[in-house]
Structure formats: structure tokens, C-alpha cells
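Whatever order the structure lists them in is the order used to number ligands and atoms, beginning at 1.
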Amino acid sequence: MLSMHVFADGAALAAALADFVASKLAARVARDGGASLAVSGGRTPTRFFEALSARDLPWSKIGITLVDERWVRETSDRSNARLVREHLLKGPAAAARFVALANDAPTPEDGLFAINEALEDLYWPLACAVLGMGEDGHTASFFPGGDRLAEVLDPEATLGLMPMRAPGAGEPRITLTLPVLLAADALALHIEGEGKRPVLQAALADGPVEEMPVRAVLRAPRPPDIFWCP
Ligand SMILES: O=C1O[C@H](COP(=O)(O)O)[C@@H](O)[C@H](O)[C@H]1O
């Protein structure tokens, strides 16, 4: 059953999504002594990151990583890690442990082993994953036409992290796979802007997952909470 949370504006959405994520993190820290969060990049999450960074949480017990990354240096304004460092890992949240999904290796394939090793230090499964959605219906780096789309969407995928290349993706990518995301205690889908309203409507309608890969999470047995504002 889908839960749709609709807000008048991005500030109200950011505050509510920060509360949602903070509650999931706090619950896992209370239960396990630590918790992990995976966040998306792109343009949408900035306000949410700022709101979450100010929440009163035991940040030193919290690990943060990304849902997906573009294979670029952190100096690039296309870097999702850069967005996290500038807008989330500040104030109290600076005490969190951050594992980036890109490194200096020339390709995602070359860098994968080291990233997987670093990810082992986080608490699994994730307490929460926050997804975004592109206007082409991608989420994470599950792109229409992606060269490894079938593998990342495979519910039995044994790898948690995979490279991805796609015509609409720009740079080579790296992404958490669907089973890792669906194993999270809670999943949120964060969508802002009138331009994405028809995209979400189309994604919620019938049609192949390969055309709009965000359908893979919308049709999951435990679908995400959707946080939407115009
Ligand atoms: O490329 C990406 O795009 C999506 C959506 O980004 P937005 O700019 O439309 O908010 C994002 O969720 C993903 O993490 C990012 O790598």
C-alpha cells in the first residue's frame, strides 16, 4: 500500500522528511547501537539535507552513504558526494561516518572493490534509504536502457553495488542494487516539482519496469513512502 505525503512547499517537505528519516535512524541506534542511511544526489535533496543535519541524533553512531553516484571527482559539481558533504555533513551531523561511492580509480569497475570494503563498516541493512526520481523515470542509477539494468533489478542479485552505463546517465555510474534498497527498514521517495507530477503518474500506471525503472520500487511488496510537493 502506497503512502503519499503531499506538502505545500519544499520547506515543509524537507522538515517532514527529516523527521521521518531521523525517527528511523534513532530506532535502529536504540536497537543495534548504530544505524545507516543511504541518500540520493541530484538537485532535489539540498533542503532535506540541511533540515536533517540539524536534527538531534547520536550522529557518531550513524553511517551515511549514497544510493548512487556519478563517476566524477568530488571537485565536480556533478558529484553526489560533494552535495552530501556541503549540505548534510555539517553541524551535529558532521560526526557521522560517510562512505562515498566513488574514488580515484579510472572506472567504477576499478574502484568497486575498495568501495565495497569501506561499505562493510556501515550497519546493514540500512535503517533508511531516500530515493529520488529523474524525469525519465530513473531512480538510484536504474536508468532506462542501462547496460546492467536487469542485473541491478534482479531480486536475487548477490552484489549490493554495481556499475551502470546508460544513454541518459551522462557519466558512468555506480549504484546500490534493488535488493539492498528494499531490505532497508524504511524507504522514502522524494519528488519535487510540477514537472515530475506526470512522471510519477505514469510510473504509477501500468507499463514495463524497463521503461520507468522507478516502478521497481513502487511495485515492491513494501513500497516507499512518497514525499511530494509542487
Ligand atoms: O542523477 C541522479 O538523478 C536523480 C534525480 O535527480 P534530480 O536532480 O532530478 O533530483 C537522483 O535521485 C540520483 O541520486 C542522481 O544520481
Going by the closest heavy atom to atom 11 (C) of ligand 1, which one wins out of G193, G41, G195?
G41
Here's a test for you: under side chain to side chain contact (heavy atoms under 4.5 Å, CB included), which of T175, L119, L112, V67 qualifies with L101?
L119
Could you state whether V21 and M133 fall into the same hydrophobic cluster, counting links through intermediate Ile, Leu, Val, Met, Phe, Trp or Tyr residues with side-chain heavy atoms under 4.5 angstrom apart?
yes
Can a salt bridge be assigned to the pair K196 and E135 using a cut-off of 4.0 Å between side-chain N and carboxylate O?
no
Whether E50 and K90 form a salt bridge (side-chain N of Lys/Arg under 4.0 Å from carboxylate O of Asp/Glu) is what I want to check.
yes
In the protein, what heavy atom is nearest to atom 9 (O) of ligand 1, and what distance, to one decimal place, separates them?
K196 NZ, 2.7 Å
Atom 13 (C) of ligand 1 [closest protein heavy-atom partner, distance rounded to 0.1 Å]:
D68 OD1, 3.4 Å
What protein heavy atom sits nearest atom 8 (O) of ligand 1, and how far away is it?
R43 N, 2.7 Å
Nearest non-hydrogen protein atom to atom 12 (O) of ligand 1, with distance, is G132 CA, 3.4 Å
Residue of the set R222, R31, R28 for which salt bridge (Lys or Arg N to Asp or Glu O under 4.0 Å) holds with D185
R28
Part of R173 with heavy atoms under 4.0 Å of ligand 1, whether side chain, backbone, both or neither
side chain
Strictly under 6.0 Å, is that where the ring centroids of H190 and F227 end up?
no
Atom 4 (C) of ligand 1 has as its nearest protein heavy atom H138 NE2, 3.3 Å
Counting only N and O atoms by type, is there a donor-acceptor contact under 3.5 Å from the side chain of S23 to the main-chain atoms of F20?
yes
Between S141 and ligand 1, is there a nitrogen or oxygen pair with a distance under 3.5 Å?
no
Could you tell me the residue and atom name of the protein heavy atom closest to atom 6 (O) of ligand 1, and the distance to it rounded to 0.1 Å?
G42 CA, 3.8 Å
Considering only the protein, which heavy-atom contact is closest to atom 10 (O) of ligand 1, and what is its distance?
T44 OG1, 2.4 Å
Considering only heavy atoms, does T139 approach ligand 1 within less than 4.0 Å through its side chain, its backbone, both, or neither?
neither
Does E171 pair with R78 as a salt bridge, N-O distance under 4.0 Å?
yes
For atom 2 (C) of ligand 1, tell me which residue out of E192, R70, H190 has the closest non-hydrogen atom.
R70
